[in-house]
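Let me begin by presenting the structure, written as structure tokens, before commenting on it.
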There are 2 protein chains.
Amino acid sequence: MDGKPYIAQRPKRADGRRNYDAILAAARKAFESAGADASLEDIASQAGVAIGTLYRHFPTRASLVEAATRDGLENLVAHAERLTAGPDPLGALVAWMREAVVHFSTFRGLVGILAQSMYDEGTPSHTMCSAMHRSGADLLRAAQAAGRVRPDLTPDELFDLLSGAAWVREQATPDRDGSARFLELVLEGITTRD
Amino acid sequence: MDGKPYIAQRPKRADGRRNYDAILAAARKAFESAGADASLEDIASQAGVAIGTLYRHFPTRASLVEAATRDGLENLVAHAERLTAGPDPLGALVAWMREAVVHFSTFRGLVGILAQSMYDEGTPSHTMCSAMHRSGADLLRAAQAAGRVRPDLTPDELFDLLSGAAWVREQATPDRDGSARFLELVLEGITTRD
DNA sequence: ACCTGAACACCGTTCAAGT
DNA sequence: ACCTGAACACCGTTCAAGT
């Protein structure tokens with residue numbers, strides 16, 4: 001029944017591709033300053049296109065958010081693959097976790113969207129979220145196999161912890177960002193004692 | 001310069017008080033089902049009043065949220081005072097933390113509002129948030145004095161952890177609520193080893 | 001002191017007309 | 001295949017007129 005979610009695609013025609021790119025650039029800027037519920041009309045006019053053009057390329061806000069964050073999440077997955085099977089499984093997991101928290105909190109509202117997408121297949125970001133879930137699960141499993149992380153921690157739980165840290169970071173102001181400390185304390189809770 | 005935030009007050013005249021109460025009841029119901037950005041027109045019509053009446057009693061959305069959550073937070077503070085100076089400081093802190101997470105996640109969007117209010121005096125919920133901060137800090141200090149919680153944990157950090165757990169709970173679906181486990185893992189990280 | 005609801009502003013979304 | 005912008009809908013917010 002519920003059709004697959006719409007995933008935005010870069011057009012082939014030159015003018016369409018130019019507008020598509022301009023909209024994405026404007027959207028990233030707007031999301032960063034105004035959060036995930038930034039005005040779509042602002043984004044369109046910043047990109048120099050009519051509102052109908054924005055809707056043609058990105059029929060839903062979720063599809064625009066997905067397209068605007070796709071690269072960042074792809075990098076995160078790629079980095080996980082590079083870290084896998086290294087000599088220091090705990091170090092790899094921790095490094096990846098720090099990176100994940102930063103990506104999840106690229107702009108206000110993103111971590112909430114990702115958390116919803118993680119378990120909702122009808123969502124544009126679901127595919128990327130699943131890939132990320134697998135990446136994190138691999139790194140977690142390796143750290144657990146090395147006996148450095150408590151064996152009863154599940155990947156879902158890991159993502160709750162990462163999301164919580166990202167949410168704290170998203171709420172932070174320049175003078176007050178407790179997310180690094182948050183992650184430290186979490187690590188204290190999930191790593192095994194020497 | 002920046003004037004004090006408006007704090008809603010229950011009117012003295014009977015008809016005003018009746019409407020005030022009806023609006024609050026409708027708002028609580030609406031916030032619970034639609035989150036903190038529920039439609040104000042819906043709330044007004046559910047309460048059986050015109051939209052202008054809602055604005056008269058609650059000139060800003062923040063003032064309505066504050067009034068709708070005041071009792072719950074007062075209870076939380078009162079409960080902390082009852083727990084203080086008991087025989088089991090760690091147990092008291094843990095019990096209060098669990099309760100705080102539940103209250104913070106009464107409806108979607110609340111924990112974000114509280115986190116903002118905690119450090120912004122120009123906000124209706126700031127007063128209540130400060131009282132809560134003090135309550136939690138007292139319980140934390142006692143647990144630390146008893147040597148049961150790491151001494152370098154600050155009250156601000158405690159609230160980041162509680163807010164993170166509440167945010168996870170707010171995102172949860174009936175079949176998937178990782179907030180209890182989240183809090184367990186956090187406690188593992190902040191309590192001292194026997 | 002309190003209530004009503006029309007009026008205005010703003011923004012999301014659709015779609016007919018165009019190239 | 002893509003673009004434009006008018007049109008419509010919805011909702012937040014204000015305020016003049018009323019009791």
Side-chain angles (χ1 to χ4, degrees), chain A residues 3 5-27 29-31 33-68 107-109 113 122-124, chain B residues 3 5-27 29-31 33-68 107-109 113 122-124:
Chain A
Y6 181 85
I7 305 285
Q9 294 202 0
R10 201 147 172 273
K12 298 201 193 91
R13 235 174 71 170
D15 57 343
R17 202 162 49 222
R18 212 168 26 238
N19 285 339
Y20 180 95
D21 291 342
I23 292 166
L24 270 190
K29 202 171 292 186
F31 288 155
S33 66
D37 52 354
S39 156
L40 297 179
E41 288 194 334
D42 275 6
I43 292 173
S45 84
Q46 277 296 318
V49 302
I51 185 65
T53 302
L54 186 149
Y55 275 92
R56 155 165 263 270
H57 293 296
F58 309 100
T60 62
R61 182 180 290 271
S63 71
L64 180 55
V65 169
E66 189 278 332
F107 50 79
R108 203 156 30 81
I113 292 169
T123 255
Chain B
Y6 181 85
I7 305 285
Q9 294 203 1
R10 200 146 173 274
K12 298 201 193 94
R13 234 174 70 171
D15 57 343
R17 203 162 49 221
R18 212 168 26 239
N19 285 339
Y20 180 96
D21 291 342
I23 292 167
L24 269 190
K29 203 171 291 186
F31 289 155
S33 67
D37 51 353
S39 156
L40 296 179
E41 288 195 333
D42 274 5
I43 292 173
S45 84
Q46 278 295 319
V49 302
I51 184 65
T53 302
L54 186 148
Y55 275 92
R56 155 166 265 268
H57 293 296
F58 309 99
T60 62
R61 182 180 289 272
S63 71
L64 179 56
V65 169
E66 189 278 331
F107 51 80
R108 202 156 29 81
I113 292 168
T123 254

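Computed from heavy atoms alone, side chains included, the values below leave out hydrogens, waters and symmetry copies.
- Across all strands, Thr53(B) comes closer than 4.0 Å to base atoms (heavy-atom distances).
- Between the CD atom of Gln9(A) and the C1' atom of dA1(D) there is a distance of 14 Å, rounded to whole Å.
- When Watson-Crick and G-U wobble pairs are counted only if both distances are under 3.5 Å, dC8(D) pairs with dG12(C).
- The Val49(A) side chain lies nearest to dT4(D) when the options are dC3(D), dG12(C), dT4(D).
- With ring centers used as reference points, Phe58(B) lies 6.0 Å or more from Tyr6(B).
- Checking dC3(C), dG5(C), dT4(D) against the side-chain heavy atoms of Ala50(B) singles out dG5(C) as nearest.
- At whole-Å resolution of the value, CD1 in Ile43(A) and C1' in dT13(C) are 15 Å apart.
- In this structure, Arg56(A) atom CZ and dT4(D) atom P are separated by 11 Å, rounded to whole Å.
- Checked for salt-bridge contact, Arg61(A) and Asp37(A) miss the test: no charged N lies under 4.0 Å from a carboxylate O.
- Taking 4.0 angstrom as the limit, Ser39(B) places a side-chain polar atom (N or O) nearer than this to OP1 or OP2 of dG12(D).
- The nucleotide dT19(C) finds its pairing partner in dA1(D), both defining distances of the Watson-Crick or G-U wobble pair being shorter than 3.5 Å.
- Of all the heavy atoms in His57(B) and Pro11(B), the pair that sits closest is CE1-CG, 3.3 Å.
- The side chain of Asp15(A) lies closest to dC3(D) when the candidates are dC3(D), dG12(D), dT13(C).
- When heavy atoms are screened at a 4.0 angstrom cut-off, Gly52(A) is found touching base atoms of the nucleic acid.
- Look at CZ on Phe58(A): it is 17 Å from C1' on dG12(C), rounded to the nearest Å.
- To the nearest angstrom, P of dC2(C) lies 6 Å from CZ of Arg13(B).
- Scanning all heavy atoms of the two residues, the minimum distance from Ala30(A) to Ile43(A) falls at CB-CG1, 3.6 Å.
- Protein atom OH of Tyr6(A) is 16 Å distant from nucleotide atom P of dT13(C), rounded to whole Å.
- The nearest whole Å value for the distance from the CZ atom in Arg18(B) to the P atom in dC3(C) is 9 Å.
- Residue Pro11(B) places its side chain closer to dC2(C) than to any other of dC3(D), dC11(D), dC2(C).
- Nearer the 5' end of DNA chain C, as judged by each residue's closest nucleotide, is the contact made by Gly48(B), out of Leu40(A) and Gly48(B).
- Of the two residues contacting DNA chain C, namely Ile51(B) and Arg17(B), the nearest-nucleotide position lying further toward the 5' end is that of Arg17(B).
- Two residues, His57(A) and Glu41(B), neighbour DNA chain D, and the one matched to the more 5' nucleotide by heavy-atom proximity is His57(A).
- The salt bridge (Lys or Arg N to Asp or Glu O under 4.0 Å) test with Asp15(B) is passed by exactly one of Arg18(B), Arg13(B), Lys12(B): Arg13(B).
- In this structure, Tyr55(A) atom OH and dG5(D) atom P are separated by 17 Å, rounded to whole Å.
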